[in-house]
Each structure stands twice: as C-alpha cells, then as structure tokens.
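Input: a single structure, listed below in structure tokens.
Lettering of chains follows the sequences in order, A, B, ..., and the numbering in each one begins at 1. What you see is a predicted model; the values in this text were computed from it and never measured.
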Number of protein chains: 2
Amino acid sequence: MDATRELTIKEIADRNGITTDTVRYYEKIGLLPRAERKMNRHRVYGPDDAERIRMIGCLKKTGMSLDEMRPYMGMYRSKEGIRPTPELHRLMEEHREKIREQIDSLQQVLDFIDDRLTEGFNRGQECALSEEKTKEPLAGFFGRR
Amino acid sequence: MDATRELTIKEIADRNGITTDTVRYYEKIGLLPRAERKMNRHRVYGPDDAERIRMIGCLKKTGMSLDEMRPYMGMYRSKEGIRPTPELHRLMEEHREKIREQIDSLQQVLDFIDDRLTEGFNRGQECALSEEKTKEPLAGFFGRR
DNA sequence: CATTGACTTGAAGTTGGCTCCAAGGGATAT
DNA sequence: ATATCCCTTGGAGCCAACTTCAAGTCAATG
C-alpha cells in the first residue's frame with residue numbers, strides 16, 4: 001500500500017464517509033491542523049491526516065464531542081516525539097467508563113422492557129426499572145462480548 | 001413505597017435529574033402524553049409517568065435521539081394491554097447493535113492509540129519515554145471483554 | 001475564449017435538544 | 001393586601017455540529 005500518497009480534500013472526505021465541508025469545518029475549529037496547500041492553494045492530505053480523520057470518526061461513534069477530542073488529536077501535532085501523557089490515559093479511562101455506562105443503561109432498558117413484556121404473564125404491577133438487576137431477562141443480548 | 005402517589009412537575013423533574021422545562025418540552029414534542037391537570041391546571045404525574053421519564057433517561061444515555069424513542073414510549077399509551085410488537089423487538093435489537101458498534105469503535109480507538117504508543121517504544125527516535133512495560137500498554141481497558 | 005468543474009473563503013442557515021423569558025394564575029404566609 | 005412561590009402558556013434564544021450559500025480562483029477542455 002502506498003501510504004505516502006497525497007490526497008485531495010475530496011478524496012480524503014470520500015474515504016472517510018464525510019463531506020469536504022466537514023473536513024474544512026474540522027480544520028476551522030482546530031480539530032485538524034491547517035492542511036498544507038499546493039501552489040493553487042488547494043489542500044493536500046497525507047496518511048497522518050487520514051489517521052486523524054479516522055480517529056475522529058471512531059471517537060464520534062463512541063459519543064465523544066468534537067471538543068473533547070482535542071486532547072486525543074494533540075497526539076499528532078508533531079510527526080515525531082509522540083508522547084501520550086498520563087492525562088490522556090485518564091481521559092481515555094474516563095471515556096471508557098462513559099461507554100460502560102451506556103452499556104449498563106441499555107441493559108437497564110432491556111430489563112425494563114422485558115418486565116413490561118412479561119407483565120402480561122406475571123400480573124406484575126410493581127414499578128420496573130429498579131436500581132438493582134434482580135434478573136437477566138434478556139441475557140445474551142450482548143452476546144457475551 | 002407508595003407507588004400511586006401523585007407528583008407535581010417539579011417533584012418528578014427533580015427525581016429524574018431534569019428540569020420542569022424539559023418535562024414540558026417532552027410533553028410538547030409528544031414523547032410524554034399530555035399530563036392530567038388539576039383544577040388549577042397544574043400537571044399531575046403518576047408512577048407510569050415516572051417510569052416513562054426514567055426510560056427516556058436510560059435511552060438517552062445509550063445515545064438514542066428523542067425521536068427514535070417514540071416507538072418505545074408507545075408501550076405506555078394504555079395502562080393495560082401492553083403488547084410490545086415484534087417491531088419493537090427489532091428496534092431494540094437494532095439499537096443494541098448500535099451500542100455494540102460504539103463499543104467496537106472505542107476498542108478501535110484504543111488499538112489505534114496503542115499503535116501510536118508502541119510506535120514510540122519500538123522505533124521512537126527522539127522519544128525518550130521510559131522503557132518499562134513494553135507489553136500491553138493499554139491492556140485491560142475494558143477489564144477483559 | 002468560454003465553459004466546466006473542483007477548489008477557495010467567510011458567513012449565514014439548519015437541526016436537535018433543550019433553556020430562558022414575559023406575562024399571568026392561584027394558594028399560602030405575614 | 002402584599003409578598004412569596006410554584007405553576008401556566010407561547011415563543012424566543014442558545015449551543016453543537018454541521019450544511020448551504022455566495023462569490024471568487026484556477027486548470028483543463030472543446
């Protein structure tokens with residue numbers, strides 16, 4: 001793979017499922033560094049930029065705001081001397097925790113709906129969605145992993 | 001627990017960590033049914049409403065939009081005869097899949113950053129990060145799984 | 001040389017999800 | 001009765017994250 005190939009804004013946008021406008025927007029808000037320009041002022045992108053944009057996409061999918069991503073993006077500021085700080089570790093752990101909470105929430109929702117589901121059978125009129133999970137009604141929903 | 005106690009908008013909002021404005025907003029967009037009013041036109045809420053609101057909170061935490069929640073909320077439209085459709089099951093499975101993708105994305109991010117990290121260790125020219133524990137730099141981020 | 005098309009810019013517009021505001025209604029406390 | 005609250009309404013305002021727009025540059029093509 002030719003990892004050093006230079007891309008136009010259109011190419012790099014297409015490859016990441018976003019629009020050129022969005023790429024420029026990311027540059028504008030400083031999430032991407034100012035792209036190098038060719039003689040005709042057009043932006044050119046290298047593999048590092050591709051990685052950055054991929055990373056933004058990943059982080060977005062995990063529910064992180066563009067603003068929160070800035071520290072992560074900082075890892076690319078210089079081509080050498082990458083040094084992720086303990087601070088970054090902390091941010092990552094924090095974010096991982098957020099995702100875990102999302103999972104827990106979903107699990108609660110599943111339990112909750114399942115209670116409603118079986119209510120017809122159980123005659124239950126107790127308030128569902130209790131703090132504790134007394135059972136695993138829809139177990140296996142996460143397929144173990 | 002007095003599950004049948006009627007609550008004011010302030011009470012139900014407080015108990016769910018949202019504002020009265022937000023409760024009224026949910027009613028306005030039809031996510032909550034029009035609340036019953038007392039003679040003075042004030043809203044009154046019962047346990048079902050509390051459940052609905054807790055459910056909205058849960059679904060929100062899993063990244064669902066208010067709009068997407070509507071089908072789930074429909075489960076409360078009548079106090080009896082709750083019958084979640086196969087359609088709802090499908091929606092739930094879909095959403096569960098979305099969460100799974102979020103998890104995968106986060107995992108990708110971890111792997112990605114881990115690459116960057118080990119790159120520094122493996123052929124870091126200038127980067128003089130202390131050389132301890134070259135193995136699994138960010139291992140255990142998900143506590144296994 | 002005129003047109004096409006991909007690019008440039010700054011700025012305005014859009015959407016979702018609230019959040020705040022003004023103007024007013026009633027119950028309770030002094 | 002005046003103040004203090006919490007409530008009501010419709011509507012305006014706000015922020016993030018785009019998205020669209022207007023006006024222009026530049027290179028290649030017919």
Taking CZ from B:Arg41 and P from D:dG10, how many angstroms apart are they, rounded to a whole number?
9 Å

Quick check for you: among C:dC18, C:dC7, D:dC18, whose closest atom lies nearest to any side-chain atom of A:Ile9?
C:dC7

Looking for any heavy atom pair under 4.0 Å, which part of the strands does A:Lys38 touch: base, sugar-phosphate only, or nothing?
nothing

For B:His42 and B:Ser65, find the nucleotide of DNA chain C closest to each by heavy atoms; which residue's nucleotide sits nearer the 5' end?
B:Ser65

Name the residue from B:Glu97, B:Gln102, B:Glu101, B:Arg96 that meets the side chain to side chain contact (heavy atoms under 4.5 Å, CB included) definition with B:Ile99.
B:Gln102

Quick check for you: to the nearest 0.5 Å, what is the distance between B:Asn16 atom CG and B:Arg52 atom CZ?
12.5 Å

Check for a donor-acceptor pair, side chain of B:Asp14 on one end and backbone N or O of B:Glu11 on the other, with a separation under 3.5 Å.
no

Provide, to the nearest angstrom, the distance between the CG atom belonging to A:Asp14 and the P atom belonging to C:dC7.
9 Å

Report the nucleotide, chosen from D:dC18, C:dC18, D:dC6, that has the shortest atom-to-atom distance to any side-chain atom of B:Lys10.
D:dC6

Just how far is it from atom CZ of A:Arg70 to atom CD of A:Glu68, taken to the nearest 0.5 Å?
11.0 Å

Compare the minimum distances between each of D:dA17, C:dG17, D:dG11 and the side chain of B:Lys28, then state the nucleotide with the smallest one.
D:dG11

Considering only heavy side-chain atoms of B:Thr22, the closest of C:dT19, D:dT9, C:dT8 is C:dT19

Side-chain N or O of A:Thr20 less than 4.0 angstrom from OP1 or OP2 on C:dC7?
no

Using a cut-off of strictly less than 4.0 Å, decide whether B:Arg24 has a side-chain nitrogen or oxygen near OP1 or OP2 of D:dT9.
no

Flag, side chain of B:Tyr72 to backbone of B:Met92, donor-acceptor distance under 3.5 Å
yes

Options C:dG17, D:dT19, C:dC20, nucleotide nearest the side-chain atoms of B:Asp21:
C:dC20

What is the distance from CD of B:Glu11 to P of D:dC5, rounded to the nearest Å?
17 Å

Taking only N and O in the side chain of B:Arg34, is any of them less than 4.0 Å away from OP1 or OP2 of D:dT8?
no

C:dT9 OP1/OP2 closer than 4.0 Å to side-chain N/O of A:Arg37
yes

How close or far is atom C1' of C:dT14 from atom OH of A:Tyr25, stated in whole angstroms?
13 Å

Taking only N and O in the side chain of B:Tyr26, is any of them less than 4.0 Å away from OP1 or OP2 of C:dC18?
yes

Looking at B:Arg43, does any N or O in its side chain come under 4.0 Å of the phosphate oxygens OP1/OP2 on D:dT8?
yes

